[in-house]
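Take a look at the structure below.
In the text below, chain A, chain B and the rest are named by the order of the sequence lines, each starting its count at 1.
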Protein chains: 2
Amino acid sequence: MGEPDAPGGHAVGPVGTAVGQAVGDIGAYIRAQREHARVSLRQLARTAGVSNPYLSQIERGLRTPSAEILGQIARALRISAEALYVRAGILEQRPAGAIVDAVLADPHLTEQQKHALLEVYQSFRRDSTGADHPE
Amino acid sequence: MGEPDAPGGHAVGPVGTAVGQAVGDIGAYIRAQREHARVSLRQLARTAGVSNPYLSQIERGLRTPSAEILGQIARALRISAEALYVRAGILEQRPAGAIVDAVLADPHLTEQQKHALLEVYQSFRRDSTGADHPE
DNA sequence: CGGGGGCGCTTGCTCCGGCAAGCGCCCAGC
DNA sequence: GCTGGGCGCTTGCCGGAGCAAGCGCCCCCG
């Protein structure tokens, strides 16, 4: 796999000891979250529905878990799957927009409709810069 | 691991029998998007960086592509990766009012702008048949 | 007419994600 | 002491994701 863009790279996690942003660190990040939650490896493996040796290998960076596994781990850890996906490099980090996020992820809209909606939204934001900040 | 149906809980799908053949569904969706973009299978495979036989199998539901492959396909099709992930069941569908909530909560928009945005959104949803794509 | 280049699909292979079994370690209770 | 049950880790295997090679088809151009 190549370079994950590693955009800007703010510290996404609530855990202060969060390490760098390399993909291999997804394991370290998971381990940090697990320890922060005071849960044993076997216990997390059980609630996440993965085998304990596999989770061990994931945490030490010996295996690259699939998105499905990441989702199960995220749920067991009570953290958002998006956060893990971003760390795994399969989702771009977009700090800018709750609205943008929601629109893009909505399966009810066609791609053209999404773009149209965001176009309108952006134009609103563009000329209403003083809306909340009176000069 | 069974149903990606998970924590959202409800049967969210606008697509008839939503749960179940997530694989075939996403394949059909990709093929629909590709044909809508008037691109040949080999051509999309080339720009997406996957082999053409593999893309063929994905579209016919014979293979389950990884998130990384899905991301490459999304990029090549110029659609959002989130949409594909949601369809693939690795990202949860947002609750129905996610867009509405996000718009209403945005401090950068005036009330009129919010109303206008939601108007457009509702009109899109009104006549959209979901993933349909005439033409 | 031949042949070169597009299309989509089938086949067979490699490689690795993911698991079951089992290791050594430590601590509580009989 | 020894057993039972927790911990994290190593090993060996299996299924499937993903690709290279090659098939038959159609169209275009010399």
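- Mapped onto DNA chain D by nearest heavy atom, B:Pro53 and A:Asn52 fall at different nucleotides, with A:Asn52 at the one closer to the 5' end.
- The NE2 atom of A:His108 lies 9.5 Å from the CD1 atom of B:Ile99; values are rounded to the nearest 0.5 Å.
- Residue A:Leu41 contributes atom CG, which lies 16 Å from atom P of C:dG18 at whole-angstrom precision.
- With hydrogens and angles ignored, the 3.5 Å screen pairs a side-chain donor or acceptor of A:Tyr85 with a backbone N or O of B:Ile90.
- For DNA chain D, the neighbouring residues in residues 42-50 of chain B, judged by any heavy atom under 4.0 Å, are B:Gly49, B:Val50.
- Looking at every heavy atom in both residues, B:Tyr54 comes nearest to B:Thr64 through OH-O, 4.0 Å.
- Grouping the Ile, Leu, Val, Met, Phe, Trp and Tyr side chains by contacts below 4.5 angstrom, directly or via other members, places B:Val120 with A:Val100.
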I'd like to know whether B:Leu44 forms a side chain to side chain contact (heavy atoms under 4.5 Å, CB included) with B:Val50, so could you lay out the CA-CA distance, the side-chain angles of the two residues, the decisive distance to 0.1 Å, and finally the verdict.
CA-CA 9 Å; B:Leu44 175 60; B:Val50 307; over 6 Å; no
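- Separating the CD atom in A:Gln72 from the OG1 atom in A:Thr47 is a distance of 10.0 Å, to the nearest 0.5 Å.
- The CD1 atom of A:Ile58 sits 8 Å away from the C1' atom of C:dG18 (whole-angstrom rounding).
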Derivation of the side chain to side chain contact (heavy atoms under 4.5 Å, CB included) call for A:Arg60 and A:Gln57
CA-CA 5 Å; A:Arg60 284 173 304 134; A:Gln57 290 170 324; 3.9 Å; yes
In sequence, state the C-alpha distance, the side-chain angles, and the governing distance for B:Arg31 and B:Leu41, and then conclude on side chain to side chain contact (heavy atoms under 4.5 Å, CB included).
CA-CA 8 Å; B:Arg31 172 159 292 189; B:Leu41 189 149; 4.0 Å; yes
Before you tell me yes or no, could you show the steps for A:Leu118 and A:Leu104 under side chain to side chain contact (heavy atoms under 4.5 Å, CB included), namely the whole-Å CA-CA distance, both residues' side-chain angles and the distance that decides it to 0.1 Å?
CA-CA 9 Å; A:Leu118 293 179; A:Leu104 286 181; 4.1 Å; yes
Distances under 3.5 Å between protein N/O atoms and the N/O atoms of nucleotides 13-15 of chain C, please, pair by pair.
none

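- Atom CD1 in A:Ile69 sits roughly 11 Å away from atom P in C:dG17 (whole-Å rounding).
- Taking CD of B:Glu111 as the start and CG of B:Leu109 as the end, the distance is 9.0 Å to the nearest 0.5 Å.
- First and last contacts of DNA chain D with chain A, using any nucleotide atom under 4.0 Å from a protein heavy atom and ordered 5' to 3', fall at D:dC7 to D:dT11.
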